[in-house]
Amino acid sequence: MAAVGVTRSYEIRTYGCQMNVHDSERLSGLLEDAGYVRAPKGADGADVVVFNTCAVRENADNRLYGNLGQLAPQKAARPGMQIAVGGCLAQKDRDTIVKKAPWVDVVFGTHNIGKLPVLLERARVLEEAQVEIAESLEAFPSTLPTRRESAYAAWVSISVGCNNTCTFCIVPALRGKEKDRRPGDILAEIEALVAEGVSEITLLGQNVNAYGSDIGDREAFSKLLRACGGIEGLERVRFTSPHPRDFTDDVIAAMAETPNVMPQLHMPLQSGSDTVLRAMRRSYRQERYLGIIEKVRAAMPDAAISTDIIVGFPGETDEDFEQTLHTVRASRFVQAFTFQYSKRPGTPAADMADQIPKAVVQERYERLAALQEEISWEENKKQVGRTLEVLVAEGEGRKDDATRRLSGRAPDNRLVHFARPDEPVRPGDMVTVEITYAAPHHLLAEGPTRAVRRTRAGDAWEKRTAAPAERPKGVLLGLPTVGAPAPSPDPAPACGRD
């Protein structure tokens, strides 16, 4: 048993979507508020290891139990070490985790992440596993202390849960029905973040543009976007992920008319076939989807649009797949996150007839990936010669040290690598560069930097990195690192993308 009063270290291992990444920031904040400290990178183990799990992939449970098995001997050799399992898989498999892995100390669900420190202490004192799964949301997660990963960019959760019934998705069963935050609470949080130096926020929801359905205002999301435009010091506003069903003209107008709302849209397609969309229980059809794309481009000609696509859904014919290829050609996506369908236990699609053979799915996936790679490159080449203001990022360029470059994001969220300026530049600062080369998944500015604008966000980054980490207080939310979105063979889309 660990001695009371001794500072204990923690490590959080996160799987899945943006919601899980965001929840892990809250778990970090909760643990640090309770006196734990984050284990240094490369450290030989932590006193508490927390798995924040995802349930949407077919092999999610195998992956979890494999990782738990690897920790079993370490836990046996380290008195006082604790292991906790939370997230969607814990919500789903609450009764089996401790049976399969009896060395786990705590199991908690998606609705009661705030209980983690109490459950860890209870397990330590009673010396037995604590399993506590709430069936509904106990408190909106944004009321919890949070340790943000970024000093200059932040997630802001505007809703939790989802009211859709897509046949391939188990998330609504695990996250519950949609619950919206009050607009005043959201804006107050954003203002507090900006006061701390944050210059970019991403509004986050399972179905973000359905915001307002729980509070009875169909135009609540567009009003929220416009209200963000009035917050002084907030330079960039993004949101993810919307649903085509709820993508209305007032949202397009708000995006186009609000200067700090970025010309970027991630809107899941899933399939271009009306037949498959009907089987998926997606409440739009190809014509409706392409109509939205046309309206967005009419209002914002430079908008970068990305999507999610599932290949090989049960019953998908060659003609259905050709309709998806047609929609991709017509949409001219800058990026597409493509996924091979595989069964997810607990979803209606898992029991559908006409499951597609793996070899057929693989062949279709490769054709789609090749087409999207070609389109991504063509669309990025259109950026060559443009002058862009880039938000300098931390950890975006894996080869920055070797190439003596820095990396950041353009207003439309394209990844830009640029020559290191002569003057000091910090993550959170802005640089103006001219694009000289385009690859399918990034842009390159090889010439001298046109301008460097030092910002309050850069000041916030400098302050955070210069001073010892303080235990976070209050409501703080964060933004995870986003890497280059090369097409992925993963069998299911991230659950944060509806």
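Excluded from the calculations below are hydrogen atoms, water molecules and symmetry mates; all remaining heavy atoms, backbone and side chain alike, are included.
A side-chain donor-acceptor contact under 3.5 Å links Asp412 to the backbone of Arg414. Between the side chain of Thr202 and the backbone N or O of Phe239 there is no donor-acceptor pair closer than 3.5 Å. Asp180 places no side-chain N or O within donor-acceptor distance of the main-chain N or O of Ser159, the cut-off being under 3.5 Å. Between the side chain of Arg405 and the main chain of Ala402, no donor-acceptor pair closer than 3.5 Å is present. Not one N or O on the side chain of Glu294 forms a donor-acceptor pair closer than 3.5 Å with the backbone of Leu290. Judged purely by atom type and a 3.5 angstrom limit, Tyr437 has no side-chain atom pairing as donor or acceptor with the backbone of Lys381. Although no hydrogens or angles enter the test, the distance criterion places no donor-acceptor pair under 3.5 Å between the side chain of Ser283 and the main chain of Arg245. Of the possible donor and acceptor atoms, one in the side chain of Asn20 sits under 3.5 Å from a partner among the backbone N and O of Tyr15. Checked by atom type and distance alone, the side chain of Thr324 never pairs as donor or acceptor with a backbone atom of Ser271 at under 3.5 Å. Judged by distance alone, the side chain of Gln91 and the main-chain N or O of Thr110 form a donor-acceptor pair under 3.5 Å.
Under the side chain to side chain contact (heavy atoms under 4.5 Å, CB included) criterion, Glu374 pairs with Glu378, not counting sequence neighbours. Residues forming a ring pair (Phe, Tyr, Trp, His ring centres under 6.0 Å) with Tyr284 (at least two apart in sequence, or on another chain): His243. Under the salt bridge (Lys or Arg N to Asp or Glu O under 4.0 Å) criterion, Lys100 pairs with no residue at all, not counting sequence neighbours. With sequence neighbours excluded, no residue satisfies side chain to side chain donor-acceptor pair (under 3.5 Å) with Arg297. Remark: Lys382 pairs with Glu379 by the side chain to side chain contact (heavy atoms under 4.5 Å, CB included) rule, at least two apart or across chains. Here Ile356 pairs with Val360, Val361, Arg364 under the side chain to side chain contact (heavy atoms under 4.5 Å, CB included) rule; sequence neighbours left out. Scanning for side chain to side chain donor-acceptor pair (under 3.5 Å) contacts around Ser407 gives Asp400, His417, with sequence neighbours left out. Applying the salt bridge (Lys or Arg N to Asp or Glu O under 4.0 Å) test to Arg453 and every residue at least two apart in sequence or in another chain returns Glu235, Glu389. Remark: Gln264 engages Arg238, Asn413 in a side chain to side chain contact (heavy atoms under 4.5 Å, CB included) (not counting sequence neighbours).
Thr387 and Glu434 share no side-chain donor-acceptor pair at under 3.5 Å. For Glu178 and Ser213, the side-chain atoms include at least one donor-acceptor pair closer than 3.5 Å. If you check the side chains of Thr14 and Asn52, you find no donor sitting under 3.5 Å from an acceptor. Side-chain contact of Asp246 with Asn207: a donor-acceptor pair under 3.5 Å is present, judged by distance alone. Using modelled atom types and a 3.5 Å distance limit, the side chains of Asn67 and Arg13 yield no donor-acceptor pair. Side-chain contact, His442 with Asn380: no donor N or O sits under 3.5 Å from an acceptor N or O.
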Could you go through the side-chain contact (heavy atoms from CB on, under 4.5 Å) check for Glu200 and Leu391 one step at a time? CA-CA 9 Å; Glu200 175 177 302; Leu391 173 61; 3.4 Å; yes
Please evaluate residues Leu269 and Asp308 with respect to the criterion side-chain contact (heavy atoms from CB on, under 4.5 Å), reporting the C-alpha separation (whole Å), side-chain torsions for both, the decisive distance (0.1 Å), and the verdict. CA-CA 6 Å; Leu269 168 65; Asp308 296 330; over 6 Å; no
Any chance you could lay out the side-chain contact (heavy atoms from CB on, under 4.5 Å) test for Phe51 and Ile12, step after step, and finish with the verdict? CA-CA 6 Å; Phe51 290 87; Ile12 297 178; over 6 Å; no
Is there a side-chain contact (heavy atoms from CB on, under 4.5 Å) between Phe418 and Val392 once you walk through the steps? CA-CA 10 Å; Phe418 57 93; Val392 182; 3.9 Å; yes
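Atom CZ of residue Arg63 and atom CG of residue Leu68 lie 12.5 Å apart, to the nearest 0.5 angstrom. Separation of atoms CD (Glu366) and CD (Glu373) is listed at 13.0 Å; rounding is to 0.5 Å. With rounding to the nearest 0.5 Å, the separation of CD1 in Ile133 from CG in Asn112 is 6.0 Å. Rounding to the nearest 0.5 Å places CD1 of Ile158 at 9.5 Å from CZ of Arg181. Taken from CD1 in Ile201 to SG in Cys228, the straight-line distance is 4.5 Å, to the nearest 0.5 Å. Rounding to the nearest 0.5 Å places OG of Ser24 at 9.0 Å from CD of Glu149.
For residues 250-266, the pairs satisfying salt bridge (Lys or Arg N to Asp or Glu O under 4.0 Å) are Arg226-Glu257, with sequence neighbours left out. Counting only residues at least two apart or in different chains, ring pair (Phe, Tyr, Trp, His ring centres under 6.0 Å) contacts with residues 297-336 comprise Phe313-Tyr341. Listed by first and then second residue, the ring pair (Phe, Tyr, Trp, His ring centres under 6.0 Å) pairs involving residues 371-391 amount to none (not counting sequence neighbours).
Under a cut-off of 6.0 angstrom, the local environment of CZ in Arg182 is sparse, with at most 12 non-hydrogen atoms contributed by other residues, nucleotides or ligands.
Heavy-atom minimum distance, Pro244 versus Pro268: CG-O, 3.5 Å.
Between Leu388 and Gln383 the shortest side-chain heavy-atom distance falls below 4.5 Å. Between Leu444 and Ile435, every side-chain heavy-atom pair lies at or beyond the 4.5 Å cut-off.
With salt bridges taken as basic N to acidic carboxylate O contacts below 4.0 Å, none links Asp214 and Lys177.
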